[in-house]
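The structure appears right after this line, and notes come after that.
Everything quoted here is computed from the prediction, not taken from an experiment. Throughout, protein chains are lettered first and strands after them, A, B, ... in sequence-line order, and every chain is numbered starting at 1.
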Amino acid sequence: MFLRLLSDVRWRAANPKWRRMTCSWRSTSSTAEPHPVSLPAQAQVVICGGGIMGTSVAYHLSKMGWTDIVLLEQGRLAAGTTRFCAGIVSAARHVSIELKMADYSNKLYQQLEQETGVKTGYMKTGSISLAQTQDRLISLKRIASSLNVMGIPCEIITPKQVAQLHPLINIHDLVGAMYVPEDALVSSANVSLALATAASRNGVQIHERTSVSHVSVQKGCVTGVETDRGPIQCQYFVNCAGQWAYELGHSGEETVNIPLHACEHFYLLTHPLKEPLASNLPTIVDPDGRIYIRNWQGGILSGGFEKNPKPLFTEGRNQLEIQNLQEDWDHFEPLLSALLRRMPDLEALQIMQLVNCPESFTPDMRCIMGESPTVRGYFVLAGMNSAGISYGGGAGKYLAEWMVNGYPSENVWPLDLKRFGTLQSSRTFLRHRVMEVMPLMCDLKVPRWDFQTGRQLRTSPLYDRLDAQGARWMEKHGFERVKYFVPPGKDLLDLDQSKTFYKPDWFDIVGSEVKCCKEAVCVIDMSSFTKFEISSTGDQALESLQYLFSNDLDVPVGHVVHTGMLNEKGGYENDCSIARLSKRSFFMISPTDQQVHCWAWLKNRLPDDSNLTMEDVTWKYTALNLIGPRAVDVLSELSYAPITPEHFPSLFCKEMSVGYANGIRVMSITHTGEPGFMLYIPIEYALHVYNEVMNMGQKYGIRNAGYYALRSLRIEKFFAFWGQDLDAFTTPMECGREFQVKLEKGMQFVGQEALLEQKQNGVYKRFTMFILEDHDTDMDLWPWWGEPIFRNGRYVGKTTSSAYSYTLERHVCLGFVQHFDEKTGEELVVTTDFINQGEYEIDIAGQRFQAKAKLYPFSSLFTHRRRKDEVELSGYQRE
Amino acid sequence: MLAASCCDRRMCVCPGPRRIAIPVRSSRLPLLSDAMPAPAHLFPLIRNCEISRICSTVCYCHHKHLCCLSSHFAHSHFRYAPQKKFAALCRPKENFNHFIHVRDYASTPQRFYLTPPQVNSILKANEYSFKVPEFDGKNVSSVLGFDSNQLPANAPIEDRRSAATCLQTRGMLLGVFDGHAGCACAQAVSERLFYYIAVSLLPHETLLEIENAVESGRALLPILQWHKHPNDYFSKEASKLYFNSLRTYWQELIDLNSGETTDVKEALINAFKRLDNDISLEAQVGDPNSFLNYLVLRVAFSGATACVAHVDGVNLHIANTGDSRAMLGVQEEDGSWSAVNLSYDHNAQNEHEVERVKMEHPKSEEKSLVKQDRLLGLLMPFRAFGDVKFKWSIELQKRVVESGPDQLNDNEYTKFIPPNYHTPPYLTAEPEVIHHKLRPQDKFLVLATDGLWETMHRQDVARIVGEYLTGVHHQQPIAVGGYKVTLGQMHGLLTERRARISSVFEDQNAATHLIRHAVGNNEFGTVDHERLSKMLSLPEELARMYRDDITIIVVQFNSHVIGACQNEEL
């Protein structure tokens, strides 16, 4: 009986027209009958999964003109997680792309009933997120800031106002709340059915009770799917199988890793109150109590994210088992306590049911979308972390754009499947990680948070040495990296207590590391960076790279080139340093999380030529970054090769011996703008070279440093990092890196046209550095990233990264400034004058701080200027 | 010491006129009795056979009034060699003074209780848990893991425990060992027995490989992975000696190569017998190193029982020698718990065992064989390792003792020959082996020394461990069904359930939980903190009178794996 409680079954009768059109669906719905409508032999797109994701993708694809689509569902439409979903559409999200998806979904669902005639139960109720602590309120204020600049109404309200908006709430322990009036409730199953209806009208074929056994792949491209009712040939396959997406990805010969894992999720349904609750009563989210509460048929629906989640289907199961999941009241007890604490008047309310509805979670709490790095034409949209209904519309739209246009209309890198590698696909890893992720849904999201599970997977050979010296670790792409070194005798706060939006406890520690980098020399283990070697028998390597990269790579052997790997629109797909090792071979260094993305990008674009080879040598080298004015002295003592600036200018690469070890690739770059060297050491020599460097460096005051110091250094020098500041929608022109582009290098390269056009017409956003003026480092909230930037009181963009500059003794934020027409809101060209002639403010959790904008780094910072860093930096001055 | 030397429940060898131990303690002394022996009653009681009873009463009284007992009370005369003790018994006056002394204290009664955290720290000092590591989210072993713990009564404790995973064959070994007349034998058996078993189980090729490795000085394949509590030590000095004996054993196995696959039952029996034989031989041969020489003699002259489990998939073998016990916890379909014995005690209560002993000796000895429920009137277990006093001929015993070190020669116990000692050996280490095929309803196995079994019935053990292990998961889940339940009612119910569970989860270790019950249970079968506190406050000298050493291993089985194995076999 309950199976249909959340969805309204009558819609079908109300739409006889639709019923006729989709006879295949109707007839397959009745269980006894055999399938009268056979599957088509081929289609352009096959979508697997008839939940909110699958129907949304079908809807958007069909709207964009792709109609040769088959949607397959193993059970019935909207019968999986979608049916059980609580149906809350909320834009209160931390990540800006998620926020945009939720906003779009809301607008889509609002007009869906009108468009399709299917009742979706859409009701604009608004939502109130409660704060029991000041830190929580800060967190809400940050969201409120970004919602407001997006044009989504939102306000921070007092507990009293909360009481006025919702009669049942106990407000005594609240310090404030955030009210988002546009948030809505829907019947999620019906939204899904409405999308299916519309898609079906546009020609999408929907087949229920058809399961995909595996996807056929030839030469790295999708060729078709095998189902229990026969094969279908297709060019595109979309895996929207929800919590079964992992298994489906592993079912074919060519594995597609989709790292997600299901956890049981409980919510409570009650009978109506004596005086039934109004259906427009706002939804309550009480993250400190780990619960959400919405009105439901005069009663309430309340669930939450407990601290001790129960992962399930680790070994993979049959979908049928979803129906049989048990209610677990003992497990729900903490959430029930929180509910009664929040709404004490509900004590007398009668229970209807405790629903157990599995949700799938991903290793980083963000959903998974995009094309498989290994199989072309294999798209994925899954892992919604229990926000499927909020993201459904937007996610489906972006994926459809991606498939039709080749790229989505927004930067979706934070959600891209390619941010994961095979290493995140261990079932044990996923099981452990989702047990950490699910409670995090309600935990305070503070800057610099690191996952605690699934750690120590990839490590440098120096891990133990560094750990013994007080290293504190963070993880990127499974790789352990040092944050900073805690000096002996000094203790930092416990992990839980160290959560703060203010000045962190490691402030002085990192300060002294930065000072050492500036005045003496530091060693940072940077082995996590992705390293490829590309070589060929003839000129193929050079030719291909010249085409794929924007800078001129035809440089003398031994030179290092900073260059972007651009897409057709001139945006950065990757930002890397390439050393020319010989006439025919190149060594390419890119950010850590580029390992999968960059590999796939190059693999798909390099000519299929056996004389051209590309190898991932990330694991073969340990990278030590020697930063500081005395780096040259340390290295001189360890090698007979002359490394004075005359012999070893900046942006040079030489293979030489260090200590006893031979074949060390030494490059005069540091990724920070400081003088120094990167040492790429074959891993078996890593310990030896490290020991030698530390011994020899003693008299120069050498010490270990971590990534926090590096970050502070690079941000105060206005160095942009890919993945943080740069993305596929940013061109070199927009971030002051025209000097890294050789528009007239004598041959075409990817993105050239777009860049030429930008050079001619100007740019629409500009990477800018902001120095916070009236910000008190000790007392004020620290900037993080994503803070709105205001110019003369008007919103012009957002920050992308920030750090405290120990040299300037000020906070530095990096971000993009846009120029919106005051009347029309149209985007205008951003000129240097526009940047320079404004008064700027940065909004940190609702509080605005004055900021000074700069387009070029401070030159006065470089007190220890040497010849080589003049070369490295000269590019910035050239424009 | 008082208790241990004069009235070890297991064996009394006081060379007094009757040389018979009177078991001082019924399974439990009434702790709160108000009886206080008047001095006047004492004189008539001072007969050698009664003296221990008096001592115990005195001790008990003292305890009652002053739990925190200073060690001086343990009268020096009582503590030393039996000879001196006997002398002491002949000086009633001194004893009498002593009692008077006690009475002085009694006039100012003080109550002393350990606080719950103190109690916990005592109970948890020796606890150990091992979880079979999961691989990729799965555990393919039929064993989920085990909890073990021991609570000393003797000082030092005479119980030992061992647990190890066989690395060259499949399966896991777990065992409890109860020593008597010192801990030397139990220690040696706990270190060595599993190696003997593992070697007995090894296929011929592996044995050859190992022998070749030793021969050519290459690294040896590890045979066992031990799971040890930091307090479970191995003797460094004797390792070479032990290794050589073990090597001789496998060399013989290689020579004997029968070509047949090893039967676990046979392997267990062979290993037990072989180790006991080696212990005996090492003592006869001696060792040039005087420390080692004394050690092997102490090992041989003390004794130990052993109860060992070998789990491999659904096959569970229990090899038992002596009066420790193995018990299987079975969950019935209705969720209740029942106990299945997987071993027979080898003592006077076991008719078959008495029968066996009588069969092995001439009819003329029938009457002297078992007296006061003891073998030859001395030894409670009818099977044991070591105890060469019950195995060697009189001549051999004399020869070894005389040629042995002075410490041994001076020891009255070793010199003393059991009465009616005509046709040795009277004692064997051969185990009785029981094979059991694990079923999904078999949830756990308890191995414990008699210290546990004499305080608790196995049915209670099954229930307590079963309820502990399943905890909340098998507490009847609440389902709302069609009933009218309000949120408030449900909340009250859940809070109450949680409170109940949290008291159970005070212990993280099933063995600790069981010990808590064994020591602290009142007549209603629930833990009485006051009682627990008193029992644990007993000073070393007295503890032995109220309880024996307790050693427990609780092995938890993986019903999923067992069920899967069963299905495969079907």
Side-chain angles (χ1 to χ4, degrees), chain A residues 1-2 168 246 261 266 268-271 273-274 291 293 299-302 308 310-316 325-356 425-435 454, chain B residues 131-142 144-145 331 333 335 440 466-506 508 558-565 567-568:
Chain A
M1 170 57 210
F2 175 72
L168 292 172
Y246 175 93
H261 194 292
F266 295 93
L268 170 79
L269 294 174
T270 72
H271 288 282
L273 271 75
K274 266 195 195 123
I291 51 167
I293 311 159
I300 60 143
L301 180 161
S302 171
N308 52 338
K310 294 164 77 175
L312 82 168
F313 305 139
T314 305
E315 290 150 44
L325 287 175
Q326 299 292 318
E327 56 192 315
D328 185 344
W329 279 100
D330 291 299
H331 192 71
F332 193 70
E333 189 267 339
L335 301 180
L336 180 60
S337 299
L339 170 65
L340 289 176
R341 179 174 158 200
R342 187 54 53 220
M343 296 187 179
D345 294 345
L346 296 186
E347 282 235 343
L349 192 57
Q350 241 181 60
I351 294 165
M352 176 176 274
Q353 190 179 5
L354 185 65
V355 182
N356 183 351
S425 275
S426 145
R427 244 4 219 168
T428 312
F429 166 81
L430 286 172
R431 184 182 169 89
H432 291 187
R433 176 55 69 80
V434 296
M435 286 174 74
Chain B
K131 262 203 176 114
V132 174
E134 282 191 357
F135 176 70
D136 207 14
K138 291 189 297 260
N139 170 5
V140 291
S141 164
S142 59
L144 282 175
Q331 189 166 34
E333 272 175 23
E467 284 174 5
Y468 171 81
L469 286 181
T470 49
V472 67
H473 311 296
H474 284 256
Q475 203 175 20
Q476 197 64 29
I478 303 180
V480 176
Y483 298 104
K484 290 184 176 176
V485 186
T486 68
L487 291 179
Q489 287 166 339
M490 180 59 86
H491 186 231
L493 184 62
L494 293 176
T495 325
E496 186 204 325
R497 277 162 73 95
R498 206 166 61 141
R500 212 158 61 214
I501 292 150
S502 63
S503 70
V504 171
F505 282 99
E506 197 175 345
Q508 263 88 55
N558 189 340
S559 302
H560 297 293
V561 172
I562 290 171
C565 291
N567 290 339
E568 270 168 35

List the residues meeting side-chain contact (heavy atoms from CB on, under 4.5 Å) with His271(A), not counting sequence neighbours, and say none if there are none. Gln350(A), Met352(A)
Could you measure the distance from the CZ atom of Phe332(A) to the NE2 atom of His491(B)? Nearest 0.5 Å is fine. 11.0 Å
First locate atom CG of Leu340(A), then atom OG1 of Thr495(B), and finally report the distance between them rounded to the nearest 0.5 Å. 9.0 Å
Are Glu347(A) and Thr486(B) packed together at the side-chain level, in the sense that at least one heavy-atom pair is separated by less than 4.5 angstrom? no
Portion of Leu268(A) that has a non-hydrogen atom of chain B nearer than 4.5 angstrom: side chain
Measure distances from Ile351(A) to the heavy atoms of chain B and classify the residue's part below 4.5 Å as side chain, backbone, both or neither. both
Structural part of Leu354(A) lying under 4.5 Å from a heavy atom of chain B: neither
List the residues meeting side-chain contact (heavy atoms from CB on, under 4.5 Å) with Met435(A), not counting sequence neighbours, and say none if there are none. Pro309(A), Pro311(A)
